[in-house]
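Side chains included, hydrogens not; waters and symmetry mates left out as well; all remaining heavy atoms used. In this text, all values refer to a predicted model and were calculated from it rather than measured experimentally.
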Amino acid sequence: MSALAKKSKRGVLILAAGAAIQALTGIPAAWGVFHEPVAAEYRLNEAGAEWVFSLIIGAFGLGCVLGGFLQDRFGPRPAGLAGAALLAGGFAAGAAVPAGSAAVFALAFSLPVGLGCAFLYPAVMSCAQKWYADKKGLATGVIGGAAGASGAVLSLLVNGLNGRWGIRACLWGLAGVLAVVCGGGAALLKNPPQTTKQPAASPADGQDYTPARMLRTRQYWLCVTVVAMASPTVLLFSPILLELGRQRGLPDAWAALPVAVGSVGSAAGRLLMPLLSDRLGRRRTYLGLFAALAGLSVAFAFARGGWFVAGYTALTFCYSGQAALLPALGTDLFGMPHAGVNYGFLALGMSAGGLAFPLAARALHWQLARHWVAVAAAAGGFVCLLALRPTGGKGGFDKSLRKN
């Protein structure tokens, strides 16, 4: 077999392994199906169950930074294996916590699960893009689509395992599945042979920003605010989606339908929006997505029955679409040499939003507070995007700024 054929075969294998890993790491998207059985088993009230979710989101942002440093220093395999160990270990630890131990469960489960998901995503995505350097859209679409579909995959697994044996056995079972699939997939991650450390671009060209330099720019703080402002449009509703669906007229048998169908919207958004941004420009695509998030959040506040499912699916499409653009936004503005770590610092916006906006919604004390917080946040993100300007280089986002 020729060297080219071997490389092609290995690239397909890594892409398949990455997709399998990401199909199991969408814990936030599927949290609605965990919420009720976890709350019942560990005696969590509604606020406590939401805090478990918020801690996962907070740990995810921190993990993106730590995982980025680990990946840049040692490569995708160590970062991926560490992520798989954390993720499977978090599920096993949660299963081992005694019933009724709410605070212990929140820490033992949420922190390693959030960190594990964060270590895995950039390791998988960067490795796949390096193997498909001439087809980054394909690599991003396959990995992103698998991540988007994760909600449906996990919903099927949780509903099946929990319905038959209970949530504790479900957590043990998922720990085993995650250890085998994510651990096995991470063991295959390896940069292609020709991937060597490239000479850093001159800092004068605006496209080689170290994390320290990036953090001193106005563009970074606008970008991280945009990421935070997107989070409440979906993450405020993911933990309570089943109960909210019942309140809006969905029968019990269909309560998990928004999670499954919403994951289809998420996968489509992650697949299609990066392709659209290549044609329209990153800025124009981002602005359109945030305008849609604001309008859809208004409609979602009053949606019932099938419209409730459709509204949530549209929200997940737009939310996941803008999330899929974040790696490209980071490299357009701050360059490639430190992309892994810089992405982690940008992802901190999701942690900030995931922690702050639930507090804001609860403080307002009225039924539709979550919806109006989501509307206001999406509008704020739109304004931040309008204020975003180039860093001075020649990246794609800079071109779209000048063009649009």
Side-chain angles (χ1 to χ4, degrees), residues 10-31 33-34 55-57 59-71 74-96 108-131 139-140 142-158 160-161 169-191 263 266-267 270 323 340 343-344 347:
R10 183 60 184 255
V12 171
L13 182 63
I14 285 177
L15 194 62
I21 290 170
Q22 289 307 304
L24 292 170
T25 57
I27 313 300
W31 185 248
V33 296
F34 287 96
L55 283 174
I56 293 173
I57 301 301
F60 181 87
L62 176 62
C64 282
V65 176
L66 298 176
F69 278 113
L70 181 62
Q71 176 189 278
F74 299 106
R77 183 180 294 165
L81 288 172
L86 283 165
L87 186 56
F91 273 83
F109 178 82
S110 301
L111 296 181
V113 165
L115 290 171
C117 290
F119 277 35
L120 282 163
Y121 183 77
V124 167
M125 184 63 80
S126 68
C127 185
Q129 287 186 336
K130 288 172 184 175
W131 279 92
T140 301
V142 170
I143 301 301
S150 181
V153 174
L154 287 170
S155 293
L156 290 172
L157 288 172
V158 173
L161 293 172
C170 175
L171 294 178
W172 279 121
L174 286 174
V177 171
L178 291 165
V180 172
V181 176
C182 296
L188 296 174
L189 298 180
K190 181 181 179 181
N191 287 330
S263 72
S266 176
R270 289 180 181 274
Y343 173 82

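Taking both residues in full, the closest heavy atoms of Leu81 and Gly183 are given as CD2-O, 3.6 Å, listed atom of the first, atom of the second, then distance. Scanning both residues, Gly67 and Ala79, for their nearest heavy atoms gives O-CB, 4.4 Å. Residues Leu15 and Ala128 share a closest heavy-atom pair of CD1-CB, 4.0 Å. Listed here is the closest heavy atom pair of Phe60 and Ala118: O-CB, 3.1 Å. Across Ser110 and Ala59, no two heavy atoms sit closer than the pair O-CB, 4.2 Å. Here the closest heavy-atom approach between residue Ala149 and residue Ala267 is recorded as N-CB, 3.8 Å.
Residue Ile57 holds its CD1 atom at 13.0 Å from CG of Leu62, rounded to the nearest 0.5 Å. Taken to the nearest 0.5 Å, the CH2 atom of Trp31 stands 11.5 Å off from the CG atom of Leu154. Atom CG of Leu115 sits about 11.0 Å away from atom CD1 of Ile56, to the nearest 0.5 Å. Interatomic distance, Cys182 SG to Leu120 CG, rounded to the nearest 0.5 Å: 5.5 Å. Atom-to-atom distance recorded for Phe34:CZ and Leu171:CG is 7.0 Å, nearest 0.5 angstrom. Between Ile143 atom CD1 and Met125 atom CE the span is 6.0 Å, to the nearest 0.5 Å.
When atom types are taken as modelled, the side chain of Ser263 and the backbone of Gly151 share no donor-acceptor pair closer than 3.5 angstrom. Not one N or O on the side chain of Arg270 forms a donor-acceptor pair closer than 3.5 Å with the backbone of Gly145.
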Quiz: residues 16-28 side-chain donor-acceptor pairs under 3.5 angstrom, not counting sequence neighbours:
| residue | atom | partner | partner atom | Å |
| --- | --- | --- | --- | --- |
| Gln22 | OE1 | Thr25 | OG1 | 3.2 |
| Thr25 | OG1 | Gln22 | O | 3.3 |

